[in-house]
Amino acid sequence: MISVQTSDFELEAEYTSLRNHAGDAGAIVMFTGLVREICTAQSDNPGDLDKTERLFLEHYPGMTEKQLEKIAREASERWPLLAVRIIHRVGELFPGDQIVLVATASSHRQAAFESANFIMDFLKSRAPFWKKQTSSAESRWIESRISDVDSLKRWRE
Amino acid sequence: MISVQTSDFELEAEYTSLRNHAGDAGAIVMFTGLVREICTAQSDNPGDLDKTERLFLEHYPGMTEKQLEKIAREASERWPLLAVRIIHRVGELFPGDQIVLVATASSHRQAAFESANFIMDFLKSRAPFWKKQTSSAESRWIESRISDVDSLKRWRE
Amino acid sequence: MITILYFASIREHMGKAKETVELTENITTVEALIRHLSETNSAFNQLCQSANSPLISVNQVFAEPSSPIVFGDEVGFFPSMTGG
Amino acid sequence: MITILYFASIREHMGKAKETVELTENITTVEALIRHLSETNSAFNQLCQSANSPLISVNQVFAEPSSPIVFGDEVGFFPSMTGG
């Protein structure tokens, strides 16, 4: 259900596995995050940006898995989910590479959409991953965006 | 970008094509709708239900494609999308079969999530498709749910 | 002459998927067409009296009772949609 | 003895990923540990004075300054997270 890995993943294999495990699901949402060449996450000023040549993803082994399990568990408590899958890659990545997969299956469409969105919001700012971006000009750690922290607030009741 | 077809579709092929056409996308959302054995769409009273043996999907050839194009165009006007793909199957389907795929690609996560959800809401009640469910007991046309019509209202500004 | 298409439960109720109707000079709107069909076809009349009145398209675009009808139009009558 | 882990920009700033610290009897909370590290390590002291103070975990769970520290704990210091 939860994987943190350097290797790439195959969407079709994950989808097939989810369909097989999700019983009588009516809705499957798969979110894939890709490395962008133009990465606005580091700054809100587009004039600042130069092209990403590669990205290095560091994480906190052990704690990462615990946080992902916790996020998946929280989503399953809030929505009637039949299956949840989270894959987050670490290590060196290049523009166009897959970074993250969040997939949810439910009887109901809204539950699948909302829970996948919820998990992504929490992944962005509650799981111990850090991105270092290397461009032609420099290497630097990407700073978290205020908008990502704000996104979390939507889910507080 | 828009397909109405009796044949099944391969998620991986659609995903690969979307990635190839979406330039520097950071987010891809793929929604798949599956035929459920227990279909609550026909009634809100779970006591009423018996198991779906098969589903027949009728549509209005010509008008369907026009409506899907319109829905995709509206989504592209509301959100900064890099690619949109809609596949809707028609004809005879069985529990577990794929009915519909809505996939969107964007630089930004929220745009991909919201636009896919928006397209699904419009597909449910603004595209000329009709479902006839056959169970062991009978064959009947599924009636549209008030909740599907209500979902549309979210997108009015 | 115009073409009329019936879909799903309405197709079954009407017992046909398609028919053609001659346009007389007083049939200039969807509303007038519905009145004409109700008067000449009891199955159609029944349909209009039911709680769920049909949705209407003219040339594959959603239409209103006041929408104009002209020679060659394709008019669709169908129940509320259940795609997705 | 406890284990301290540094991550990402904080790892680079500290020049190390890991160290072990002897627990004296006055180091019973995260806050006391931070005070101890600030007094004995100028790089750590600098870190605490910066606008973005580090996030803290104890045994791989998010912690507060008041969280207790006991023998054998694993304490992590890291910048705000940027996953997804």
Side-chain angles (χ1 to χ4, degrees), chain A residues 9-16 18-20 22-41 46 51-52 55 82 95-110 112-121 123-124 145 147-148 150-151 154, chain B residues 9-16 18-20 22-41 46 51-52 55 82 95-110 112-121 123-124 145 147-148 150-151 154:
Chain A
F9 54 85
E10 292 286 334
L11 197 80
E12 183 80 21
E14 299 304 329
Y15 177 64
T16 303
L18 213 67
R19 271 176 88 179
N20 292 340
D24 197 28
I28 295 179
V29 169
M30 306 193 89
F31 175 89
T32 321
L34 306 173
V35 179
R36 292 175 62 203
E37 196 167 33
I38 305 300
C39 174
T40 48
K51 289 186 176 179
T52 299
L55 213 57
L82 295 162
D97 281 356
Q98 302 183 124
I99 308 179
V100 61
L101 173 72
V102 170
T104 55
S106 177
S107 301
H108 300 291
R109 186 163 50 104
Q110 284 314 326
F113 269 119
E114 287 176 15
S115 59
N117 204 347
F118 169 87
I119 291 169
M120 277 305 301
D121 271 349
L123 269 183
K124 286 259 167 197
R145 290 197 301 176
S147 63
D148 286 333
D150 284 349
S151 294
R154 295 189 283 163
Chain B
F9 54 84
E10 292 286 335
L11 197 80
E12 183 80 21
E14 299 304 329
Y15 177 65
T16 303
L18 214 67
R19 272 176 87 179
N20 291 340
D24 197 28
I28 295 179
V29 168
M30 305 194 89
F31 175 90
T32 321
L34 306 173
V35 179
R36 291 175 62 202
E37 195 167 33
I38 305 300
C39 175
T40 49
K51 288 186 176 178
T52 300
L55 211 58
L82 295 162
D97 280 356
Q98 302 183 124
I99 308 178
V100 60
L101 172 72
V102 170
T104 55
S106 177
S107 302
H108 300 291
R109 186 162 51 104
Q110 284 314 327
F113 268 119
E114 287 175 15
S115 59
N117 204 346
F118 168 87
I119 291 169
M120 277 305 302
D121 272 348
L123 270 184
K124 286 258 167 199
R145 290 198 301 176
S147 63
D148 287 334
D150 285 348
S151 295
R154 298 189 283 163

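Convention: sequence-line order gives letters A, B, ...; per-chain numbering from 1.
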Of B/A105, B/A103, B/A27, the largest count of non-hydrogen pairs under 4.5 angstrom with chain A goes to B/A27
Interface moiety of B/N20 toward chain A, non-hydrogen atoms closer than 4.5 Å
neither
d(A/Q110 CD, B/D121 CG) to nearest 0.5 Å is 6.0 Å
A/F31 versus chain B, the contacting section by heavy-atom distance below 4.5 Å:
both
Heavy atoms only, distances under 4.5 angstrom: which of B/P95, B/A25, B/G33, B/G23 has the most pairs with chain A? Name it, please.
B/A25
Tell me, for B/V35 versus chain A, whether the close heavy atoms (under 4.5 Å) come from the side chain, the backbone, both or neither.
backbone
Side chain to side chain contact (heavy atoms under 4.5 Å, CB included) filter on B/A116, not counting sequence neighbours, yields A/F113, B/V29, B/V102, B/T104
Counting only non-hydrogen atoms closer than 4.5 Å, does B/Q98 touch chain A with its backbone (N, CA, C, O), its side chain (CB onward), both, or neither?
both
Please tell me if the side chains of A/N117 and B/R109 come closer than 4.5 Å, counting only heavy atoms from C-beta onward.
yes
Is A/D24 reaching over with its side chain to a backbone N or O of B/R36, donor-acceptor style, under 3.5 angstrom?
no
As an exercise: rank B/A13, B/A22, B/S107 by heavy-atom pairs under 4.5 Å with chain A and give me the winner.
B/S107
Interatomic distance, A/T16 atom OG1 to B/E12 atom CD [nearest 0.5 angstrom]:
9.0 Å
Any heavy-atom pair between the side chains of A/I28 and B/M30 that's under 4.5 Å?
no
